[in-house]
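Only heavy atoms go into these numbers, but all of them, side chains included; no hydrogens, no water, no symmetry mates. Just so you know, residue 1 is the first one in the sequence shown, and it goes up from there. Small disclaimer: the values here were computed from a predicted structure and weren't measured.
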Amino acid sequence: MIQDYLGRIGNLIRDARKHRGWTQAQLADVLSTSQSAVNRIEKGHQNLTLEMLARIGEALDSEIVALGAGPTHLRVTGPTTLSGTIAVKTSKNAGVALLCASLLNRGRTTLRKVARIEEVNRLLEVLASLGVRTQWLNDDNDLEIIPPEHLDLGNIDEEAARRTRSIIMFLGPLLHRAETFDLPYAGGCDLGTRTVEPHMSALRPFGLDIKATEGSYHARVNPAIEPTRPIVLTERGDTVTENALMAAALHPGTTVIRNASSNYMVQDLCFYLQKLGVGIEGIGTTTLSVTGVEAIDVDVDYAPSEDPIEAMSLLAAAIVTKSEITIERVPIEFLEIELALLEEMGFDYSRSEEYVARNGHTRLLDITTRPSDLHAPLDKVHPMPFPGLNIDNLPFFAVIAAVAEGQTLLHDWVYENRAIYLVELNKLGGQVKLLDPHRVLVDGPTRWSGAEIVCPPALRPAVVILLAMLASKGTSVLRSTYVIHRGYEDLAERLNLLGANIVTFRDI
C-alpha cells in the first residue's frame, strides 16, 4: 500500500518536473541531492519526508506535491449538453497590466472585478514585498492598491516573481522610481537577454540599460537620456507596448510609439492611464501618442473590461457539446473575426444589441448559441495582431475543427511549440496531424471517447483538452491542472453550473 502511494507521488513529481522543462539533474541540483536520488523518487523507490515533499513542491512551482494545497486534477464525465446563462469575467491580461501600472501612481488605485487567478496572486505577493498594501474589498473581487512612499526594491519576493510571466512589465514603471534595481527572470526563464530584447528596444530611449546575469535582470537608468524621436517597436507585442506606455506615462513631453499593439489589454491600460492624467491619442491603432506627466498622485477607480479569450472558451464549449447557452458581456470588438469565421463554418447563434462595458469604452453584447453542424473553413486558420484573429484564440479552433466536417489547417506561427500540444486531442479520438512545430491538420467530425491525459504546460491547449472531454463519451481525467488556474477563475465550477459533470480531486 505504501509502495502504491510512493509510486503515485513519484509520478506526480515526474510530471511536474517535465512541465517545468527540467531534467532530473536540474531538479537534483536545486534540491542539493543526486540525480540517482531523484530517479528513485520518481520511480516510487524512495521514502520521502514531509519536508522533502514541501521542498520539491516549492522547487517545481507545483501544487501537485504540496500537501493540502487543494485539488489539482479534474475528472470529467460526458458527453455533456450545456444549458443556461454565464457572464464573461474581466480580462486576466488587463488585470495583470493594471497591477503593474498601479506602481506609476502614488495615490490609491481601486480596480473592479479583478480576475482572481494564480497569476494575479503571484503579482500581489511581489507588490507586497515592495511595500505596496493591497486588499480584496468584497466578494465582487474589487481590489484596492496603496503604494508606500518609497518602494523597497531590495526586498523583492524572488520566488513569487519567478512564478509569474508578468514581472517583465515592472520595467516600465520602475525605471521612474530608481536608478538601479534588479528583477528576477520572468517565469524562471533562462533565455537571458534575448527574452527581454524587444522590451529593451522600447525602453532604451528612456535611459534604461539591462544586463542579464545569474537569473536576474540588472537594470540601470540614466535620467539624462530621453526619447528624441518616435519609438518603433521591433515586435508588436502586448507586453512590450504596455512597458513602453508605462515608461512614457511619467516622461514629461510627448512620446510617439509606432508598431504598437492595439489589443484589448493595451486599450484597458490606455484608458486607465488617461484616468491618471496621462494624455493618449490613437487608442485602438498601431500609433500611440503619449503626453506624460512629471508625477501621478491621484485616487483612481477603474473597471477593466471582459476577457475575449474566456468568451471564446465558452463559445467553443457550446459548439463542441452542441449546446444552447447564453454568454453575457462578450467584448465583441475583440471577437468579430472569430465570429465571422465561425459563421463561415456554419455556426448558428443570435446576438443582443450592443452596450458599453464598465470602463466606458469597450463594446459588449450577449450571444446565444444554437446546436450547429459545422464544416471546415475554405482557407487555413491563422492568427494576426488585433484586429486579426487573436493569437490566444487559435487553439480553440483545433477542437472546433475536430467537430466540423472536413479538413482544417491551423497555422500557429507565433509560438515555437504550442501547436504540438494539440495532438493530445488524438487520445480522445481526434484526428490531429502535426505537420511541423507550427502547423496541424485536423480531420472531422470526431467521435470523442474518454481518456486520461496529463495537462499540457500551455494554458490554452490545456483548456482545449478539457472542452473536448466535455463532449467525450465516458469518464476522462485531466491531471495536473495548475496551469488552468493560472489563467481562469473557477472554470470547472462555472462549467458545472451550465450542466457539466467535472469533479476536482487529488491523489494524496
Side-chain angles (χ1 to χ4, degrees), residues 89-117 119-120 123-124 126-127 132-137 140-147 166 168-177 202 237-251 254-255 257 260-285 288-308 329 331 333-334 356-364 386:
K89 287 185 175 287
T90 62
S91 160
K92 138 186 136 59
N93 288 323
V96 297
L98 294 171
L99 283 177
C100 298
S102 70
L103 290 171
L104 296 167
N105 184 19
R106 295 181 181 274
R108 175 190 288 106
T109 292
T110 304
L111 300 177
R112 301 296 175 183
K113 295 185 179 293
V114 177
R116 205 159 183 171
I117 55 174
E119 187 81 357
V120 166
L123 278 177
L124 292 180
V126 175
L127 289 173
V132 178
R133 287 192 290 132
T134 64
Q135 65 169 331
W136 297 100
L137 298 177
D140 286 335
N141 289 359
D142 294 341
L143 180 65
E144 183 181 72
I145 306 159
I146 303 175
S166 307
I168 196 81
M169 284 193 291
F170 276 40
L171 290 172
L174 290 185
L175 70 85
H176 295 292
R177 302 295 292 265
D238 302 325
T239 56
V240 174
T241 303
E242 288 165 330
N243 251 335
L245 275 166
M246 290 185 281
L250 280 176
H251 170 65
T254 298
T255 305
I257 305 169
S261 165
S262 50
N263 212 354
Y264 61 96
M265 70 292 283
V266 175
Q267 293 196 27
D268 256 319
L269 175 59
C270 287
F271 299 142
Y272 170 76
L273 293 177
Q274 286 180 326
K275 282 206 158 194
L276 295 182
V278 178
I280 304 179
E281 296 179 4
I283 298 174
T285 77
L288 295 170
S289 181
V290 184
T291 303
V293 293
E294 284 193 20
I296 299 172
D297 188 352
V298 296
D299 290 345
V300 65
D301 192 306
Y302 185 75
S305 186
E306 281 65 19
D307 195 326
R329 305 190 70 80
E333 62 192 277
F334 301 104
V356 180
R358 294 183 187 91
N359 66 10
H361 299 276
T362 306
R363 295 183 288 116
L364 306 179
F386 178 80

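For the pair H361 and E333, the minimum side-chain heavy-atom distance is 4.5 Å or more. P308 has its side chain within reach of P331: a pair of non-hydrogen atoms, C-beta onward, lies under 4.5 Å apart. No side-chain heavy atom of V132 sits under 4.5 Å from any side-chain heavy atom of I146.
Taking all atoms of both residues into account, the shortest heavy-atom contact from S305 to L364 is OG-CD2, 4.1 Å. Scanning both residues, L103 and L127, for their nearest heavy atoms gives CD2-CD2, 3.8 Å. Here the closest heavy-atom approach between residue N105 and residue V298 is recorded as ND2-O, 2.8 Å. When every heavy atom of L269 is checked against every heavy atom of A101, the shortest pair comes out as CD1-CB, 3.5 Å. Of all heavy-atom pairs spanning W136 and N141, the tightest one is CZ3-O, 3.4 Å. Across every non-hydrogen atom of A249 and L273, the tightest pair is CB-CD2, 4.2 Å.
If you take CG on D297 and CG on L104, they are separated by 12.5 Å, rounding to the nearest 0.5 Å. Between the CD atom of E306 and the OG atom of S91 there is a distance of 9.5 Å, given to the nearest 0.5 Å. Taking OG1 of T109 as the start and NZ of K275 as the end, the distance is 10.5 Å to the nearest 0.5 Å. The line from CG of D140 to NZ of K113 is 4.0 Å long, rounded to the nearest 0.5 Å. For the atom pair K89 NZ and R116 CZ, the distance stands at 10.5 Å (nearest 0.5 Å). Of the inter-residue distances, the one linking L250 atom CG with R177 atom CZ reads 8.5 Å to the nearest 0.5 angstrom.
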Task: Pair V120-V96, side chain to side chain contact (heavy atoms under 4.5 Å, CB included): steps then yes or no - done: CA-CA 6 Å; V120 166; V96 297; 4.1 Å; yes
- [ ] Give the C-alpha distance, both sets of side-chain angles, the deciding distance and a yes or no for side chain to side chain contact (heavy atoms under 4.5 Å, CB included) between I145 and L99.
- [x] CA-CA 8 Å; I145 306 159; L99 283 177; 3.6 Å; yes
TODO: Before giving the answer on side chain to side chain contact (heavy atoms under 4.5 Å, CB included), spell out for L111 and D301 the whole-Å C-alpha distance, their side-chain angles and the decisive distance to 0.1 Å.
DONE: CA-CA 6 Å; L111 300 177; D301 192 306; over 6 Å; no
- [ ] For the pair F334 and F386, evaluate ring-ring contact (aromatic ring centres under 6.0 Å, His included) and give the outcome as yes or no after the intermediate values.
- [x] CA-CA 8 Å; F334 301 104; F386 178 80; 4.9 Å; yes
TODO: Would you sort out whether R329 and R358 count as a side chain to side chain contact (heavy atoms under 4.5 Å, CB included), showing the intermediate values?
DONE: CA-CA 10 Å; R329 305 190 70 80; R358 294 183 187 91; 3.5 Å; yes
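For the pair D142 and R112, the salt-bridge criterion is met [side-chain N within less than 4.0 Å of a carboxylate O]. Between D299 and R108, at least one side-chain nitrogen of the basic residue sits less than 4.0 Å from a carboxylate oxygen of the acidic one, meeting the salt-bridge criterion.
In this model, no donor atom of one side chain and acceptor atom of the other lie less than 3.5 Å apart for S102 and Y272. Side chains of D238 and N93: no donor on one and acceptor on the other come within 3.5 Å. Using modelled atom types and a 3.5 Å distance limit, the side chains of T362 and N359 yield a donor-acceptor pair. Between T291 and T254, the side chains place a donor N or O and an acceptor N or O closer than 3.5 Å (distance only, hydrogens not considered).
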Under 3.5 Å, which donor-acceptor pairs do the side chains of residues 239-247 form with other protein atoms, sequence neighbours left out?
residue : atom : partner : partner atom : Å
T241    : OG1  : G237    : O            : 2.7
T241    : OG1  : S261    : N            : 2.9
N243    : OD1  : G172    : N            : 2.9
N243    : ND2  : I168    : O            : 3.1
N243    : ND2  : H199    : ND1          : 2.9

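For Q135, the side-chain contact (heavy atoms from CB on, under 4.5 Å) partners are L137, E144, not counting sequence neighbours. Residues meeting the ring pair (Phe, Tyr, Trp, His ring centres under 6.0 Å) test with H176, sequence neighbours left out: none.
Taking the centre of each ring, Y302 and F271 stay at or above the 6.0 Å mark.
In this structure a side-chain-to-backbone donor-acceptor pair under 3.5 Å is present from E119 to S166. In terms of modelled atom types and a separation under 3.5 Å, the side chain of E281 and the main chain of S289 share no donor-acceptor contact.
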